[in-house]
K.L.:
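Mind looking over this structure? Questions follow.
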Amino acid sequence: MTRYIRRAAAFCLLLLMALLVNAARVQVLDADELDDNPANRRTTIARYDQPRGDILVGGAGGAAPGEKSGEVPVTGSRDTGEQFAHERTYRHGPLYAPVTGYASQTYGTTLIENAEDDLLSGTDPMLAPIPLWNDLTRGREPGGNVVTTIDDAMQRAAYEGLSGRRGAVAALDPSTGAILALVSTPSYDPERLSGTGPAVTDAWARLNASAGKPMLNRAIRQTYPPGSTFKIVTAAAALDAQVVTDPDEATDTPSPYVLPGTTTTLPNESRGCEKASLADAIRVSCNTVMAHLGVEVGLDGMVEAAGKFGFNDSGLRIPSRVATSNFDQDMSDDQLALSSIGQFDTTATPLQMAMVAAAVANGGELRSPHLVDRTTTHDGDTVEQRGPRSYSQAMNPSTAVQLQRLMVDVVEDGTGTNAAIDGVTVGGKTGTAQHGIDNTGTPYAWFISWAQDPDSGRPAVAVAVVVEDASADRADISGGGSAAPIARAVMEEALR
């Protein structure tokens, strides 16, 4: 009998050991996999068990405890009393949707809500009181806050200027790269997607079916042919390569100008472009001169110059991903000529063209664009400060000085007079980009600019505006139509 008892005891011990090994496997080795399993609702329930941290912008006042004066939250949380307890809310949702994105219990997260999700949801290890604390306790801290670089007044000026038309505005501080405004219209209210249920799925379906594509962030996720605004890049390349040594000296550009290797004549929208100087070509926007200069710089030189401004960079983050602006790296001379005036396959986001204007305004140094100033704990203690970083030396400082003068001439006596501000130094460049089969599509109206108070030692702002549904008339080309007045309104707010 004793032998049988020993055997039974050994068998029970073996079973106990198997249970312990399996428990260790489930709780330790497979823990992460089980946590990430879509069928595990505990993770989702825990995610919404506490309020999400806030996203803040620079405002005119009304700061809450723990916030610096002038910083106001544009997000919040609502206790639903349901299993998924806390639902995201948004203040001025359509105004700030291109900045915040959405945080949906049904459809996930986008933009800052996605890029800073760990901090906002409280799972970021940097929020823990001591290293590895949350890993040991499997707990979470209150959601942290994200303080953006956005200026509320400039954001509103850009949004109101677009008036719901399809288009976008991006504004930068040239000295730091801080994004001061980021607007895309038509927009949407991300709060409509926050929760669960039929109302949310219906809103999602309607937004995705809308012809205006309100959830498309045109400022950073849509690329357009930049048209004549790209001539600033070509001018920088020509001056740096010393293809042009004196911007006021006549060039050898023939008129009419036949695209190399073809019988196609490139037209001008302006008069007086035959052998025009670089200064005149920028001021009145001569296609022939700038196309000819691009060919003289050569493909390698143009590709290098465009790359210094940010073109062909697929890794740009602000911290959300930015669509890649394109300048072809393999093309014939006739294609190069068209690319040098912002046509053919050349495309750019509005943020990219704001970077071009910012590099000129900042003496040739391009700062990395960034949308987050710092992150904090729930109580307002700084977790991470994100200071300015250099992106590249986009051009020689002497070239930047010459381009500043040329862009000021555009505003004072050229195609961009509607961007002028009394008592302020403003540089700009207009552009109307053709698109569609045989250029039958409605042109995109562009304007890029920068402004500096004469009493200041640094530029205040660089702005890029694109309007998709602008009229294809001379008023838009001259800066008197859709884009330049919007840029002026944003610059005026920056100068206040």
Side-chain angles (χ1 to χ4, degrees), residues 38 44 47-48 52 55 74-76 78 80 82 84 87-115 117 155-156 158-170 181-225 318 320-326 347-351 433-437 439-446 465-472 482-483 486:
T44 306
R47 175 181 176 83
Y48 300 111
R52 192 170 174 83
I55 299 171
V74 294
T75 58
R78 176 175 58 242
T80 64
E82 299 177 358
F84 295 166
E87 191 174 288
R88 195 54 147 170
T89 61
Y90 294 89
R91 305 175 188 178
H92 316 297
L95 174 64
Y96 284 106
V99 175
T100 63
Y102 58 76
S104 171
Q105 295 175 349
T106 305
Y107 298 108
T109 57
T110 58
L111 301 179
I112 283 183
E113 293 278 28
N114 175 262
D117 183 63
Q155 184 82 359
R156 290 178 184 276
Y159 185 78
E160 292 167 5
L162 284 168
S163 301
R165 292 170 293 178
R166 297 185 191 183
V169 178
L182 199 70
V183 170
S184 174
T185 57
S187 189
Y188 71 104
D189 186 355
E191 190 167 327
R192 296 171 61 192
L193 304 176
S194 292
T196 59
V200 172
T201 55
D202 288 348
W204 176 264
R206 286 194 300 273
L207 288 169
N208 280 286
S210 173
K213 298 181 179 179
M215 289 198 296
L216 171 63
N217 190 335
R218 291 171 165 86
I220 63 170
R221 296 283 173 84
Q222 178 67 50
T223 60
Y224 303 88
I318 62 169
S320 305
R321 178 185 63 82
V322 179
T324 304
S325 297
N326 179 70
T347 57
T349 62
L351 178 63
Q434 307 292 330
H435 71 104
I437 299 173
N439 291 334
T440 55
T442 302
Y444 302 133
W446 277 95
V465 179
V466 64
V467 182
E468 293 186 25
D469 55 356
S471 299
S482 299
I486 300 171

K.L.:
The test is side chain to side chain contact (heavy atoms under 4.5 Å, CB included); show your working for D189 and H92 and say whether it passes.
P.N.:
CA-CA 8 Å; D189 186 355; H92 316 297; over 6 Å; no
K.L.:
Within the structure provided, determine whether R88 and Q105 are in side-chain contact (heavy-atom separation under 4.5 Å).
P.N.:
no
K.L.:
For the residue pair V169 and T185, establish whether any side-chain heavy-atom pair is separated by less than 4.5 Å.
P.N.:
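When only atoms from C-beta onward are counted, T185 and V169 do not touch, as no gap falls below 4.5 Å.
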K.L.:
Given side chain to side chain contact (heavy atoms under 4.5 Å, CB included), test Q155 with L95 step by step and report yes or no.
P.N.:
CA-CA 8 Å; Q155 184 82 359; L95 174 64; 3.7 Å; yes
K.L.:
Using 0.5 Å steps for rounding, measure from the CZ atom of R166 to the CG atom of L216.
P.N.:
10.0 Å
K.L.:
Does K213 form a side chain to side chain contact (heavy atoms under 4.5 Å, CB included) with Y188? I'd like the steps, not just the answer.
P.N.:
CA-CA 9 Å; K213 298 181 179 179; Y188 71 104; over 6 Å; no
K.L.:
Angle class for the Y444/Y224 ring planes (parallel below 30°, perpendicular above 60°, tilted otherwise)?
P.N.:
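Correct class here is perpendicular.
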K.L.:
Within the side chain of E468, is there an N or O that forms a donor-acceptor pair under 3.5 Å with the backbone of R165?
P.N.:
no
K.L.:
Are any side-chain N or O atoms of T75 and backbone N or O atoms of I55, one a donor and one an acceptor, separated by less than 3.5 Å?
P.N.:
yes
K.L.:
Would you say the side chain of Q222 lies within less than 4.5 Å of the side chain of T349, judging by non-hydrogen atoms?
P.N.:
no
K.L.:
Assess whether a salt bridge exists between R91 and E191, defined as any Lys/Arg side-chain N lying under 4.0 Å from an Asp/Glu carboxylate O.
P.N.:
no
K.L.:
Could you please spell out the steps behind the side chain to side chain contact (heavy atoms under 4.5 Å, CB included) verdict for L111 and V99?
P.N.:
CA-CA 7 Å; L111 301 179; V99 175; over 6 Å; no
K.L.:
Just by distance, do the side chain of S104 and the backbone of L193 share a donor-acceptor pair under 3.5 Å?
P.N.:
yes
K.L.:
Please name the pair of heavy atoms, one in A483 and one in A445, separated by the smallest distance, quoted to 0.1 Å.
P.N.:
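Shortest heavy-atom separation between A483 and A445 comes out as CB-O, 3.9 Å.
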K.L.:
With a 4.0 Å cut-off on N to O distance, would you call R192 and D202 a salt bridge?
P.N.:
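Salt bridge flag = no for D202 with R192.
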K.L.:
Please report the shortest heavy-atom distance between P190 and A97, naming the atom on each side.
P.N.:
CD-CB, 4.0 Å
K.L.:
Show the nearest heavy-atom pair for residues Y90 and S194, with the distance to one decimal.
P.N.:
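Here Y90 and S194 meet closest at CE1-OG, 3.8 Å.
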K.L.:
I'd like to check D117 versus R52 (side-chain heavy atoms, cut-off strictly below 4.5 Å). Are they in contact?
P.N.:
yes
K.L.:
Treating R221 as the side-chain partner and R218 as the backbone partner, does any N or O pair qualify as donor plus acceptor under 3.5 Å?
P.N.:
no
K.L.:
Between A168 and P350, what is the shortest heavy-atom contact and its length?
P.N.:
CB-CG, 3.8 Å
K.L.:
Can you see which heavy atom on L182 is nearest to which on A170, and at what distance?
P.N.:
CD1-CB, 4.1 Å
K.L.:
Indicate yes or no for a side-chain donor-acceptor contact from T100 to the backbone of Y96 under 3.5 Å, with no hydrogens or angles considered.
P.N.:
yes
K.L.:
Please answer whether the main-chain N or O of A348 pairs with a side-chain N or O of T223 as donor and acceptor at a distance below 3.5 Å.
P.N.:
no
K.L.:
Main chain of G76, side chain of T89: is a donor-acceptor contact present, judged purely on distance under 3.5 Å?
P.N.:
yes
K.L.:
If I take atom CD1 from residue I220 and atom OG from residue S184, how far apart are they, to the nearest 0.5 angstrom?
P.N.:
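That separation rounds to 9.0 Å.
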K.L.:
Donor-acceptor check, side chain of W446 to backbone of P225, threshold 3.5 angstrom: yes or no?
P.N.:
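Yes, the answer is positive, given that a donor and an acceptor are paired below the 3.5 Å cut-off.
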K.L.:
Could you tell me whether a side-chain N or O of T80 sits under 3.5 Å from a main-chain N or O of E82, the two making a donor and an acceptor?
P.N.:
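Indeed, once roles are kept as given, a pair shorter than 3.5 Å links the two residues.
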K.L.:
About how many Å separate OG1 of T110 and OH of Y102, when rounded to the nearest 0.5 Å?
P.N.:
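Nearest 0.5 Å value for the OH-OG1 distance: 5.0 Å.
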K.L.:
Closest approach of A158 and I486, non-hydrogen atoms and distance?
P.N.:
O-CG2, 4.2 Å
K.L.:
Okay, side chain of S163, backbone of E160: is any donor-acceptor separation there less than 3.5 Å?
P.N.:
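Looks like yes, one N/O pair under 3.5 Å.
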